[in-house]
> 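This is the structure, below, for whatever I ask next.
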Amino acid sequence: MKKRILALSLAAAMVIGALASCTKQETVVSSAVEARDVSLTLWGAEADLDFLKEVSSDFAKTYADEHDDVKSVTVDVKIVGENDSSKEALKDINAAADVFGVPGDQTAQLADAKAIYAMPEDVVKEIKDLVGDSTAAKAFYNGNYYGFPYSPNTACALYYNKTLFTEDEVKDLNVMLEKDLGDTKAIGVDSNAFLSSCWILTAGGELYTNSNRDYCTFDSDECVEMMKFVQKNAGKMYKGSTEDAVGLLKDGKLAAWFDGSWNASKVVGALGDNVAVTVLPKVKVNDKEYQMTCFGGVKYYAVNAASKEPEVAIALAQYLSSADVQLKKYEAKQAMNPPQLAIPTALSLIENDTIKSNPAIAAYMKQGEMIVVQEPVIPQDWWGDFGALYSDIFDGKISADNIKAEITKHIESWKTM
Amino acid sequence: MFQKKDESEIKIEDSFATKLSFVIMGFANLAHKQFAKGIGFLAIEIGFIVFMIMGGATNLVNLITLGTVETHDEVIPGKILPVRVFGDNSMLFLLYGVLTCMVIAAFVMVWRANVKSARQVQKLEMQGKPIPSFLDDAKLYLDEKFHITMLFLPITGILAFTVLPLLYMICIAFTNYDREHQVPGNLFHWIGLGNFGNILIGDERMSRTFFGTLVWTIIWAFFATFTNYFAGIIVALIINQKDVKFKKLWRAVLVLTIAMPQFISLLVMRCFFSNYGVVNRTLINMGIIKNIDGAIPFFEDPTLAKITVIFVNMWIGIPHTMLMSSGILMNIPQDLYEAATVDGANKVQMFFKITLPQIIFTTTPYLIQTFIGNINNFNLIYLLTGGGPVNANYYSAGDTDLLVTWLFKLTSDNRDYSLASTIGILIFIISATFSLLTYTNTKSYKEEDAFQ
Amino acid sequence: MSANNLTAVTGKKTKSYAAQKRTALIASYVFLTVLSIIWVIPIIWVVLTAFRAEPGQFSSTFFPHPYTWVEGDIQYTATYTLDNFKELFTPREGFDFAKMWLNTFIVATISCIISTFFAVATSYVMSRLRFKLRKTFMNIALVMGMFPGFMSMIAIYFILKSIGIHQTLLALVLVYSGSAGLGFYVCKGFFDTVPKALDEAAMIDGANKAQVFFQIILPMSKPIIVYQALNAFMGPWMDFIFAKFLMGTNYDTYTVAVGLYAMLERERIYTYFRQFAAGSVLVAVPIMVLFMSLQRYYVEGVTGGAVKG
């Protein structure tokens, strides 16, 4: 009798099944003989929503005017932040937007799943003209360029307390560390691998260079010496989360903090009037001087491979990342309350007077020039693993003599991640 | 049961109508004027055949191949972009294949019910008994077969929202659906037991993570369950002392926390216990700790982090057990205690002989459910520590990661679905064995009729 | 020993017993006070944050400082403010708190009714009716609940999508209540304690099983119904993973948990943390009120009908 229940309930499931089989995948068909109506979806962060709506409607008008085969264009802007977009797109590519902003480190995932289009050659040339070879390369993976960089993804900068350090002092880490600040820590770096890797990158360490998964030089002598330097000076430094650092900065217990632009409002809020922003300092280890650097990437507009109108989508992505629109975005963000910072990527804007007048942007852009391009093939596991390794070294759980061996051991495991 | 079978199936030879019912469902019912039933069976059969033709059969083939057409780009002259033609989606093939299998299983059951029903009417006819009308049948479902009526919808829900996804997930464990074989652009295939081998023996780091996390998961579930349980009972005992006033107020204060969504209270707890959080900051301000170097690493030291999560869990869980045991305490008949006092028992003896057994007996099902809930206590770990501190010897896991949070990381960050499913199955086997063994051995299971 | 002596001894004994009791009572009060403080501090902190003027996630002290800000040309100074609530209720695209609240309320109410019915029906059947496969079903149900739910999210998403309801409130109702039949354990415990003699008496009077259930058992099951209903009602207010996953970009169907959780993103937490706290308070209040007023039933539900002395 129990079986009857099962039977009947499964019959209900059958209806679902029948419907399920009806939903077949749609293939892209494009036959543009008559003028057609084009509708696109665009994903962007909530903070950019109004701006994106404005510029994409500008785009819609212009595009329809310029193309005979297109009667009208409508762009629907939806909120899916850059950090969520790749997850959301891979969940269901047919439901994803035609154009969406993604951080460069997601390129490998999206490209491997064939979810986004590689840019054709002449478009690549235009991208390079706009943002320069090195920025364009941040959306490069496996022989292809995947999109239009419109902003540095992870603009990092050094925030410091003007009452504790002078402008000159923050140019040299050795000076910062030697200054007597009592209980106050001289500099803080998050243990998060994205930021804490700055030391080893400064010493010239390379990881997965050119998407070669076996390549890593983190155990070179320079890198090891650098980590020894960090360990030796750990007492004057702070390693922790932004949340804790914000408290320390506020209470004057931490003089400088290295962090990404995504945390800018928190850090600036904590330091209040005492805040100043600059690039990472120089550091001298064993008589060798380095300019400190860190990982970086870009956010770029990618074009959904399941888009029904890939050509219009490419045009939209291109329009959104053009120098004019970048400048507009910068201005729109500055006009917000409280003002936000939109850092442009277009080379032509570096010389723009409006941009030049903002010192913070200068710091970000300068730091941007110094960054080490983060390879898109870095697997998600790596970040946690390196963070743990860094913490162990910082805390002295790995003795100075063992640092090299430990790093080598980890490099071996990174090869198979 | 055997006798019944003898009567209905062996002695009577199937009549023509019954035999025809094997093929045309509901025929016998229709022949005997059970129209509603007959049409119902027939409709299900037609529906099933249509379903199989419309896509069911293809779904089955697809389930076996998991897709053959690769995604490729087609160059169209005059266009700046080649058009991407997506191939088969292995993931959907698998899902719809599983669904189709369930539909077929359902159909087989309906078919059997149909045969049974046909034999039944045949038998009734031969015995000269009246054939039940639709109304008679319906009445049966309010009485003898009332359990079917009651369970129909709940079971449908379970099948759709638990069983189907579950089967899908189990299937994934036998495929190579990992980050190198991501849909929609790539196909994945059946690979057999490879993933299990990998986790348990193959990859050293992987198995270290698995067993390390497993041990911690069990320790955690044990402590999280029993600390809450006994602490809750103790708090309830204290509140329920005869002389304690404002009983309602004390209870209400604790109950406040139940109403606060967990992701909020856990976030607050994270702020409180972080390196420079409220607790450490207060200690520094009071001079107990000199500076940030001396801060208690609540979440950063592996052992301490484990203790912290158990304590925070007590904050979350004690109100529940307190409420529950309060109820039980209030309801234990006072004469039991009076009798015990007359017999010269002291308070401690009374607690262990009367109070505790009563509480344990009543709450066993709750206890088991909590234990299982704790094995899968995703929210607490994910929101509080995120699994951290990260363990450099583990594969993508931290010291406080439970199997379930590790699994979440594998799917959401690394997209290693097959690996995650494999771990899911292993968690399942462990917790299922454990809870079945425990549950079937409890007093309340064995003596479930004792009260009645 | 003289009679006098004896009185003296007992007298002393009683006195020391009374003193002991007093000490125990004081200790109990101290313990309860400390406990209450520990339990209430985080909640007070959330409430204070909801009314705090100073932005950001942290305030370096437990009680907020006065905060000065400039709006237009006017300078304001305040420690507490209602602005957080005001802003919370100012709808913007992708975030309409009133609508989210209403959505959650609707979903919670409907799924609460459905899942209570499912759970009560299943547990009654398991407790009272005897049929083949009963124990098998109970064992399967026990282990079924152990599968980590989020693993099946993608499957459920595509199932719902295939019938075209994946971005609707109906989908959420189905997801929250669909498997409620599995959670019958506590409820079954309750029915196990209701004397079977009641059923038998009614059956002798000619009632069928459905009548027994609806007319006799159900009316006296208020405690367990309340227990189930409360638990089911709370679910939708707290789930931020499933709801977000299913709803995607369809803001109209967001629930409060989705909206609140989105405020915690690293770029937004500084600006939105106070509003987050304000929203949390508004979520917690109705649940708290429900809980407080129905506490008695909740407790009875979980402890069963028979233990009532």
Side-chain angles (χ1 to χ4, degrees), chain B residues 92 95 142-143 146-147 150-151 153-155 157-158 160-162 164-166 168-169 238 241 243-244 250 252-265 268-269 323-324 326-328 331 333 362 365-366 369 372 376 404 407-408 420-421 424 428 431-432 435-436 439 448 451-452, chain C residues 25 28 31-32 35-36 39-40 42-43 45-46 118 121-122 125 129 131 139 142-148 150-152 155-156 158 175 178-179 181-182 185-186 189 192-193 195-196 208-210 237-238 240 257 261 280 283-284 287-288 291-292 295 298-300 302-304 306-309:
Chain B
L92 290 180
L95 182 62
L142 290 178
D143 205 6
F146 186 50
H147 61 275
M150 291 281 267
L151 288 180
L153 284 176
I155 288 193
I158 294 168
F161 291 100
T162 306
L164 172 60
L166 197 81
Y168 163 80
M169 201 191 100
I238 290 172
Q241 287 177 98
D243 303 324
V244 171
W250 301 122
V253 167
L254 295 191
V255 168
L256 280 181
T257 57
I258 298 181
M260 188 62 87
Q262 260 192 23
F263 67 89
I264 299 164
S265 38
V268 173
M269 285 299 185
L323 256 190
M324 218 172 52
S326 277
I328 300 167
N331 289 328
T362 323
Y366 172 84
Q369 226 166 19
I372 294 158
N376 279 333
V404 66
L407 207 121
F408 184 77
S421 295
F428 181 72
S431 41
S435 40
L436 279 182
Y439 185 62
E448 64 170 337
F451 257 125
Q452 294 163 4
Chain C
L25 194 63
S28 302
F31 177 79
L32 286 175
L35 210 67
S36 304
W39 253 263
V40 120
I43 294 187
W45 190 76
V46 173
F118 280 12
T122 318
V125 170
L129 309 178
F131 52 94
N139 291 340
L142 180 73
V143 298
M144 204 82 95
M146 286 171 222
F147 240 94
F150 63 83
M151 287 294 298
S152 58
I156 290 179
F158 279 104
V175 165
S179 299
L182 288 176
Y185 275 83
V186 173
D192 282 347
T193 61
K196 218 168 186 175
N208 64 23
K209 281 179 180 167
W237 299 90
M238 320 233 164
F240 58 95
Y261 196 72
S280 311
V283 169
I287 298 177
M288 221 175 274
F291 234 92
M292 293 288 173
Q295 209 191 101
Y298 189 87
V299 170
E300 275 179 31
V302 114
T303 53
V307 272
K308 259 182 301 186

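Note on naming: letters A, B, ... go to the chains in the order of the sequence lines (proteins, then strands), and numbering restarts at 1 for each one.
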> Between chain C and each of B:Trp250, B:Phe408, B:Tyr168, count heavy-atom pairs under 4.5 Å; write down the option with the most.
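Looking at each option in turn, the highest pair count goes to B:Trp250.
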
> Pick one of side chain, backbone, both or neither for B:Gln241, based on which atoms fall under 4.5 Å of a heavy atom in chain C.
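Side chain only.
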
> Which one, B:Val253, B:Val255, B:Ile264, B:Leu153, leads in non-hydrogen pairs under 4.5 Å with chain C?
B:Ile264

> Less than 4.5 Å to any heavy atom of chain C: does that hold for the side chain of B:Leu95, its backbone, both, or neither?
side chain

> For B:Leu164, is it the side chain, the backbone, both or neither that has a heavy atom under 4.5 Å from a heavy atom of chain C?
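Looking at B:Leu164, just its side chain touches chain C.
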
> Under a 4.5 Å heavy-atom cut-off, does chain B meet the side chain of C:Leu25, its backbone, both or neither?
side chain

> Ignoring hydrogens, what is the shortest heavy-atom contact between B:Met260 and C:Ala284? Give both atom names and the distance.
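Minimum heavy-atom contact is SD-CB, 4.1 Å.
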
> Would you please test C:Leu182 and B:Phe161 for side chain to side chain contact (heavy atoms under 4.5 Å, CB included) and show each step?
CA-CA 11 Å; C:Leu182 288 176; B:Phe161 291 100; over 6 Å; no

> With a 4.5 angstrom heavy-atom cut-off, which part of C:Leu129 approaches chain B: side chain, backbone, both or neither?
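The side chain, not the backbone.
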
> Quick one: ring pair (Phe, Tyr, Trp, His ring centres under 6.0 Å) partners of C:Tyr261, sequence neighbours excluded?
B:Phe263, C:Phe240

> Under 4.5 Å heavy-atom distance to chain B, tell me which part of C:Met292 shows up: side chain, backbone, both or neither.
side chain

> Examine distances only and state if a side-chain atom of B:Asp143 and a backbone atom of C:Lys209 form a donor-acceptor pair shorter than 3.5 Å.
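Pair found, side chain donor or acceptor close to backbone of C:Lys209.
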
> How many angstroms lie between OG in C:Ser28 and CG in B:Asp243, if you round to the nearest 0.5 Å?
9.0 Å

> To the nearest 0.5 Å, what is the distance between CG (B:Leu254) and CH2 (C:Trp39)?
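Answer rounded to 0.5 Å: 6.5 Å.
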
> Show the nearest heavy-atom pair for residues B:Val268 and C:Pro42, with the distance to one decimal.
CG1-CB, 3.8 Å

> When rounded to the nearest 0.5 angstrom, what is the spacing between OG1 in B:Thr257 and CD1 in C:Ile43?
5.5 Å

> B:Phe146: which residues meet the ring pair (Phe, Tyr, Trp, His ring centres under 6.0 Å) condition with it, sequence neighbours left out?
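Ring pair (Phe, Tyr, Trp, His ring centres under 6.0 Å) list for B:Phe146, sorted by chain: empty.
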
> Given the rule in the side chain to side chain contact (heavy atoms under 4.5 Å, CB included) test, do C:Met288 and B:Leu256 qualify, once you have shown the distances and angles that lead to the verdict?
CA-CA 6 Å; C:Met288 221 175 274; B:Leu256 280 181; 2.9 Å; yes

> Below 4.5 Å from any heavy atom of chain B, which atoms of C:Phe291 appear? Answer side chain, backbone, both or neither.
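The side chain, not the backbone.
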
> For C:Met238 versus B:Pro261, what's the shortest heavy-atom pair and its separation?
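Heavy atoms of C:Met238 and B:Pro261 come nearest at SD-CA, 3.3 Å.
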
> Based on non-hydrogen pairs under 4.5 Å, which of B:Pro154, B:Pro165, B:Gly157 is most in contact with chain C?
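Ranked by contacts with chain C, first place is B:Pro154.
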
